[in-house]
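The structure's right below; bear with me while I get my questions together.
Sequential numbering from 1 along the given sequence is applied to the chain's residues. Atoms within a ligand are numbered from 1 in the order they appear, just like the ligands themselves.
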Amino acid sequence: MRSSLIAGNWKMNGSLQSVIDLVEGIKAGDPGNAELAVCPPAVFLMKVGGMLAETGISLGAQNVCDREAGAFTGEISAAMLKECGCSYAIVGHSERRALYLESDQLVAARFSMALSAGIIPILCVGETLDEREQGVTETVVTRQIDAVLDLCGIEGIARAVIAYEPVWAIGTGKVATPGQAQAVHAFIRAKLEQLDSGVAQQVQILYGGSMNPSNAAELLSQPDIDGGLIGGAALKADDFLAIAQSA
Ligand code: PEP
């Protein structure tokens, strides 16, 4: 039986004060049985990590460098994230792939670095609207996962979380129907099943894309949806907790 993970991706939002208020709000609420993780902007990781001590809420980063250390201006290493208290790191978010041109291979290298520091990568995969309309959703998701399998093997996936995030549903208010999301989640699990059925059954596959308190329960009730990666709705403590309670 897989447990549910509800992870908030705060992206580049907020200020020190609003982040403190948000963490206080989440700490004061009841998440039900789901595990919670929050991924604040990197400059607030230390602060948020301190506030989360002994709460059971996990800390995550929004990205991680593909190199260990050195002359990589602007990047943050996996070891540094670990020192900040991160248990998770998002890799391959569609905004990173589209706006910062991160390739499947670069995403895989970031994934690998997270693993080597003992951080659980949350690997984001998903198709654009164009790709869905062309009927190549499964091809795209396969290519994105295969890049990680090529570098880290199924053993790497065993220590990770996958987030299926259709790009057309991210921040748009358009949600994949529970059926559409379940179909891709089941496809991913079946693909992993061909390599290792134990891993396929154990790996958490989250849905991301305009999940909110009104659509969460139906999405999260699908057999292969094991939680959510939440953007906009994670910026309000009540909404984030309400989503967690639906899990
Ligand atoms: C995301 O960016 O990972 C995301 C799912 O955003 P939103 O919930 O705002 O669509």
Side-chain angles (χ1 to χ4, degrees), residues 4-14 18-19 22 25-26 31 34-42 44-45 58-64 86-102 107 110-111 114 120-129 131-132 137 140-141 144-145 160-178 180-182 184-185 188 204-220 222 224-247:
S4 295
L5 171 64
I6 303 295
N9 173 13
W10 296 352
K11 311 193 185 187
M12 196 177 71
N13 289 299
S18 74
V19 160
L22 182 52
I26 294 170
E35 186 201 341
L36 294 187
V38 296
C39 305
F44 301 136
L45 281 170
S58 301
L59 185 67
Q62 296 178 16
N63 207 352
V64 54
C86 288
S87 313
Y88 291 98
I90 297 170
V91 296
H93 190 280
S94 65
E95 287 151 17
R96 300 295 317 174
R97 292 180 190 265
L99 302 173
Y100 299 95
L101 308 182
E102 293 192 9
V107 170
R110 293 184 188 279
F111 181 106
I120 301 169
I122 301 177
L123 171 67
C124 299
V125 298
E127 81 290 0
T128 61
L129 185 56
E131 289 163 339
R132 174 158 283 263
T137 297
V140 170
V141 167
Q144 292 169 332
I145 294 177
V161 170
I162 295 175
Y164 168 58
E165 299 206 299
V167 179
W168 47 272
I170 295 181
T172 58
K174 282 187 200 152
V175 195
T177 64
Q180 282 174 323
Q182 165 58 26
V184 181
H185 282 236
I188 293 171
Q204 289 167 309
I205 308 178
L206 315 184
Y207 169 79
S210 299
M211 196 187 271
N212 62 41
S214 16
N215 58 35
E218 216 187 333
L219 285 159
L220 294 168
Q222 301 301 308
D224 288 296
I225 300 186
D226 308 314
L229 181 55
I230 322 295
L235 295 171
K236 289 191 191 138
D238 290 349
D239 286 357
F240 186 58
L241 289 161
I243 292 171
Q245 281 161 8
S246 318

Review point. What atoms of ligand 1 come closer than 4.0 angstrom to any heavy atom of Gly209?
Key: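 In order of number, 5 (C), 10 (O).
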
Review point. Do the side chains of Trp168 and Glu127 get nearer than 4.5 Å, heavy atoms only?
Key: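 A side-chain contact exists here, since the closest heavy-atom pair is under 4.5 Å.
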
Practice item. Note the single closest protein heavy atom to atom 8 (O) of ligand 1, along with its residue, its atom name and the distance in Å. Key: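 Minimum-distance protein heavy atom for atom 8 (O) of ligand 1 reads Gly231 N, 2.8 Å.
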
Point to revise | Atom indices of ligand 1 within 4.0 angstrom of Ala169 heavy atoms, with elements | key: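 Answer for ligand 1: 10 (O).
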
**Study point:** Atoms of ligand 1 close to Gly208 [distance to a heavy atom under 4.0 angstrom, numbered from 1]
**Key:** 5 (C)

Check your understanding: Does ligand 1 have any atom sitting under 4.0 Å from a heavy atom of Gly171?
Key ->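 Distance cut 4.0 Å: Gly171 passes for ligand 1.
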
Exercise for review: Could you list which atoms of ligand 1 come closer than 4.0 Å to a heavy atom of Asn9?
Suggested key: 2 (O), 3 (O)

Exercise for review: Might you point out which heavy atoms bring Ile188 and Ile162 nearest each other, and give the distance in Å?
Suggested key: CG2-CD1, 4.0 Å

Exercise for review: Starting from atom 1 (C) of ligand 1, locate the nearest protein heavy atom and write down its residue, its atom name and how far away it is, to 0.1 Å.
Suggested key: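 The closest heavy atom on the protein side is His93 NE2, 3.2 Å.
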
Exercise for review: Evaluate the ring planes of His185 and Tyr207, with Trp represented by its six-membered ring, and classify them as parallel (under 30°), tilted (30 to 60°) or perpendicular (over 60°).
Suggested key: tilted

Review point. If you take all heavy atoms of Ser210 and Val175, which pair is closest and at what distance?
Key: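 Taking every non-hydrogen atom into account, O-CG2, 3.6 Å.
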
Review point. Once you round to the nearest 0.5 Å, how far does CG of Asn9 lie from CG of Leu235?
Key: 8.5 Å

Exercise for review: Return the residue, atom name and 0.1 Å-rounded distance of the protein heavy atom closest to atom 2 (O) of ligand 1.
Suggested key: Lys11 NZ, 2.5 Å

**Study point:** Minimum-distance pair of heavy atoms, taken over all atoms of Ala34 and Ala247
**Key:** CB-CB, 4.0 Å

Exercise for review: Return the option from Ser210, Ser94, Gly232, Cys124 holding the heavy atom at the smallest distance from atom 9 (O) of ligand 1.
Suggested key: Gly232

Review point. Is there a heavy atom in Ala163 that sits closer than 4.0 Å to ligand 1?
Key: no

Review point. Among Ser4, Ser58, Ser87, which one satisfies side chain to side chain contact (heavy atoms under 4.5 Å, CB included) with Glu35?
Key: Ser58

Point to revise | atom 3 (O) of ligand 1 [closest protein heavy-atom partner, distance rounded to 0.1 Å] | key: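 Closest protein heavy atom to atom 3 (O) of ligand 1: Glu165 OE2, 2.7 Å.
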
Exercise for review: Determine the minimum heavy-atom distance between Ala89 and Asn63, stating which atoms define it.
Suggested key: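 So the two residues come closest at CB-O, 4.5 Å.
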
